[in-house]
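The sequence lines fix the lettering, A, B, ..., with proteins before strands; numbering per chain opens at 1.
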Amino acid sequence: MKPYPVGKAVSLKKVLGIYSGVALLLGNEAIARGALESGVGVAAAYPGTPSSEIIGSLSEVAGDVGIYVEWSANEKVAFEFCWAAALSGVRAITAMKHVGLNVAADALMSSAYTGVEEGFVVVSADDPSMWSSQNEQDNRLYGLISYIPVFEPDSPGEAKELTKALFDFSARVKHPAILRTTTRLSHARGPVELGPIPKVKTKGSFNPSPAHVLVPSNARIRRLELLKKFEAIQKELNSLPFNKVYGDGRVLIAAAGLSHAYVSEAISRLRLTNRVRVLKLTTVYPIPEDILVKAVDGVDEVVVVEELEPLVEMQVRTILHKRDIEIKVHGRELGERAYEMTLDRAEAMLRRIFNIPTTSRTVIAADEKPQLSIPPRPPVFCPGCPYRPLFFELRRLVNQQKIKAVFSGDIGCYSLAFYPPYGLQDTCVEMGGSIGLANGFSRVLEDALVVSVIGDSTFYHAGIPALVNSIYNQHPQVLIVLDNLVTAMTGHQPSPATRVDGRYIPIENVVRGIGAEFVSIVDPYDIAGVRREFLRAVEYTRKEKKTAVLIFRRKCALVALDEIREAGEEIVPYVVDLAKCIGCGICYNFFACPAIAGRDDKKASIDPELCIGCSACAPVCPVRAIQPSKPVDLSKTLKYWF
Amino acid sequence: MERIRELNLVITGVGGQGQLFLSRVISETFLRLGIPSLVAETHGMSQRGGSVIVHVRIGDAVKAPTIPQKQAEIMIGMELIEAARYVDYLRDGGVAIVNEKLITPPGRNVKLKEDDLLKYLREKPIKLLTVRSSQRAVSLGIPLSANVHMFGAFIGLLEAVRTLDSSVDDVVKSVLPRRFLDQNLLLYRAGKEDIKKELNLEEIEKIKKILTEKY
Ligand SMILES: Cc1ncc(C[n+]2csc(CCOP(=O)(O)OP(=O)(O)O)c2C)c(N)n1
């Protein structure tokens, strides 16, 4: 193993000019590298954990390589962008989190009917255990419904090789390919062999064909073509070098995708190497039939190891049944459907098959169970986050005036307002769902005020159609748009509200264009303004029975802070004047900035390591005890916040 | 340097403390020593001040990205509550290098004190080594680099049990960030020294046995 030259930090950009040796790359960076080594011409995506680093790292190198990369408004739009490129003979990659493929599913289905002219790789990054997601769907199942084959690698190194192979495969069979990863692969950093990056082709040509016009008369023909094509694809898959059979024994372990990494290690840990044959499956839908049939020759049992739904197990059973092969198949009944694969789970399956007892070493003794209650630590708004003063003030207002309200929330950093002390997200379901549910709530709830809350990126992603509906059908809701000028949660990708070379789409223009009559733009640091405008909006919806829109605008603190630091401006932390502090706890219990803590005497103190000098806490103190640690002119840095 | 079959390390702390950077510096160091590693990073929501655990698996036999409970040889705990939360990832006799820094979750009225957590950790069947990485970093004027001090402590531990030789320092120079390199090297060396002070001779043999059992 030869590392690439010393002195280079790790990132796709840093290894761009290096064509051999081993680099430590994140699974997602490895996929991006694979795309580059395949001569990808365009890449487009909407961000979503755990997929974001694929297009994120490609966008970092786009200028150097001469490819076109964009963050699109949503997954469907990104998918269509890439699909058009592939229809025109330009290699394309799009990547999305599992739920993103739901948004792009309409396009996905039709793409199987049209096929493509050049390689088109669709990455679906699933999130078993829901580390950063609202659900745990298994997107391998999309292969079944769309007739698009699904592949899953078992290491960052293989992810790169597989990406390359899939571009060639897709170009050869003129069909899209789904590369499925999971959080543990996308976010695993491991050794990856670097290869050369060829010259790219970014321009193509489009040849009109009825295959691209899915009116029913054409679609009926395409449907039959698709079935034929899929049969041919099924045969082709048998020759893909990533599926492998190795070892020998009376038990066949069929391991799909990343599960192979877990189970192969479990096999050597339990010293079963000489007792099992392993079928490593990279083609998870459809599985290669000929390889399976050969692999079961001479074994007594098959154990299918996979995460989430029993998709491979179903296929194994079907194929064996069809071929009249009577072998016992084990799968889901040995393992678990919910949550991700672990070494423990893989080991447990093998222990049951081979009757190996568990050892005490891996079990936590009862007397070791915590005698200390360890407080939960969900993510929180960062110091300086513009959402904190907003939700602080809204909570206070709702409590003081006993406002009966339903807060129809959405997905973004502001989802954290669900947690104490704010408690201001009554629903949080899927992107755009805030305004959509509020449409319904506002019509069926008798006496509650309905407030929907959505971020700028989510607004542009899926909020607009719901708002069009709200305004056209006159639903009495107060819409709060949290315009922090960026897609913060997923790592600060641009949203259409982000200024790029002065270009952006102001949310108020869209909202007014749709026909909203009540539109107010407020700085969330101005808590008096928050109160005043919120009450005005409530009054308007109650009286007029129409939609009111409040836009709270201030930049994500992490971005602002970066820019302030970059500009070399001084950051002056705030301090608590202990002589003035009355120990009321408002700042640390209800405003709850991570930089502020309560002391033993109940007075507050500010951690100078965490405080970014944003000033947002100063106005919440009833006795004005919070002040800058030295005189500071905040107007000098104000421009970085808007 | 000798090959390693398997060495399992968890890095725990609060999102934003630099666990990812620390894990990258470690895996990069081992790569340059010719030893592969696999790191399960934590991205997404928990990086916003949430609870973070990063799995670092070093060695030739490693394939799976995560470490089961009770199977890590080493924990680097950047914060006390998170060290307590994940301490059961350590195998019996495993070593916890813990930064004496408490960050209470905001807005939850948490009353835990440093001593409660240290007591809890001490009662576990592990070897607890405490360091003052945050303090050290503050006093050297790079408050956000406590992770570099902890990196030094980790390397110092491996050196003390003689699984690394001093050539590692040259490698470290090439993997630490260029920015503030001098202060970072000072902090790294301080980490090495500080951890060695925590270890006595008879313990070293015991620890060596645990750390290298899966080598
Ligand atoms: C369909 C879908 N795509 C992507 C995501 C991932 N995701 C979660 S939050 C978010 C961004 C939210 O940005 P914004 O609305 O601007 O709020 P912010 O995080 O900036 O507060 C994204 C892309 C998702 N959950 N669902």
Side-chain angles (χ1 to χ4, degrees), chain A residues 1 3 6-7 9-10 22 24 26 49-50 52-53 131-132 154-155 184-185 187-191 258 261-262 264-266 268 342-344 346-347 361-364 368 370-372 374-382 413 416 419-421 489-491 588-590 592-594 596-597 609, chain B residues 14-16 23-24 27-28 31-32 34-51 61-71 81-82 84-85 88 91-92 103-110 112 116-117 119-120 123-125 134 138 143-144 171 174-175 177-178:
Chain A
M1 194 180 62
V6 171
V10 209
V22 175
L24 287 171
L26 210 55
T49 314
S52 311
E53 297 81 6
W131 299 109
S132 296
D154 77 341
S155 67
R184 292 305 184 183
L185 186 103
H187 290 162
R189 192 175 288 279
L258 186 61
Y262 291 100
S264 64
E265 198 175 326
S268 46
T342 60
L343 255 178
D344 273 351
E347 273 195 33
R361 134 185 105 78
T362 57
V363 180
I364 299 164
E368 275 183 54
Q371 310 93 9
L372 187 74
I374 296 168
R377 191 193 301 273
V380 291
F381 297 137
C382 306
C413 286
L416 303 177
Y419 293 110
M489 175 103 274
T490 48
Y588 55 83
N589 282 333
F590 301 105
C593 174
I596 311 178
E609 278 178 56
Chain B
V14 180
S23 71
R24 286 174 197 176
S27 54
E28 196 67 19
L31 181 71
R32 294 187 193 296
I35 296 171
S37 57
L38 199 56
V39 180
E41 299 191 349
T42 302
H43 294 244
M45 282 192 94
S46 30
Q47 281 299 336
R48 302 264 175 278
S51 158
V62 167
K63 296 212 174 72
T66 53
I67 306 167
Q69 291 218 329
K70 279 291 199 186
Q71 295 200 35
I81 294 178
E82 298 314 313
R85 189 188 315 282
D88 290 331
R91 53 177 292 179
D92 289 355
I103 303 176
T104 40
R108 290 181 171 257
N109 211 357
V110 172
L112 279 178
D116 304 325
L117 291 151
K119 179 168 168 282
Y120 174 73
E123 283 167 5
K124 289 281 168 182
S134 292
V138 171
L144 300 179
V171 174
S174 71
V175 299
R178 298 263 155 276

For a quick test of reading the model, state the closest non-hydrogen atom pair linking [X] to [Y] and the distance between them.
{"X": "A/R189", "Y": "B/E41", "value": "NE-OE2, 2.6 Å"}
{"X": "B/R48", "Y": "A/C413", "value": "NE-SG, 3.6 Å"}
{"X": "A/P376", "Y": "B/P105", "value": "O-CG, 3.7 Å"}

Report the distance from atom [atom1] of [X] to atom [atom2] of [Y], rounding to the nearest 0.5 Å.
{"X": "A/L343", "Y": "B/K63", "atom1": "CG", "atom2": "NZ", "value": "11.0 Å"}
{"X": "B/I81", "Y": "A/L372", "atom1": "CD1", "atom2": "CG", "value": "9.0 Å"}
{"X": "B/Q71", "Y": "A/D344", "atom1": "CD", "atom2": "CG", "value": "6.0 Å"}
{"X": "A/I374", "Y": "B/L117", "atom1": "CD1", "atom2": "CG", "value": "7.5 Å"}
{"X": "A/S52", "Y": "B/H43", "atom1": "OG", "atom2": "NE2", "value": "10.0 Å"}

Pick out which of B/P36, B/S37, B/S27 makes a side-chain contact (heavy atoms from CB on, under 4.5 Å) with A/P191.
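Looking at B/P36, B/S37, B/S27, the match for A/P191 under the side-chain contact (heavy atoms from CB on, under 4.5 Å) is B/P36.
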
Give, as side chain, backbone, both or neither, the part of [X] having an atom under 4.5 angstrom from any heavy atom of chain B.
{"X": "A/C593", "result": "backbone"}
{"X": "A/S155", "result": "neither"}
{"X": "A/L416", "result": "side chain"}
{"X": "A/Y588", "result": "backbone"}
{"X": "A/P378", "result": "both"}

Please classify the contact between [X] and chain A as side chain, backbone, both or neither, with a heavy-atom cut-off of under 4.5 Å.
{"X": "B/I67", "answer": "neither"}
{"X": "B/L38", "answer": "both"}
{"X": "B/V110", "answer": "side chain"}

Test side-chain contact (heavy atoms from CB on, under 4.5 Å) on B/V39 and A/L24; report intermediate values, then the result.
CA-CA 10 Å; B/V39 180; A/L24 287 171; over 6 Å; no

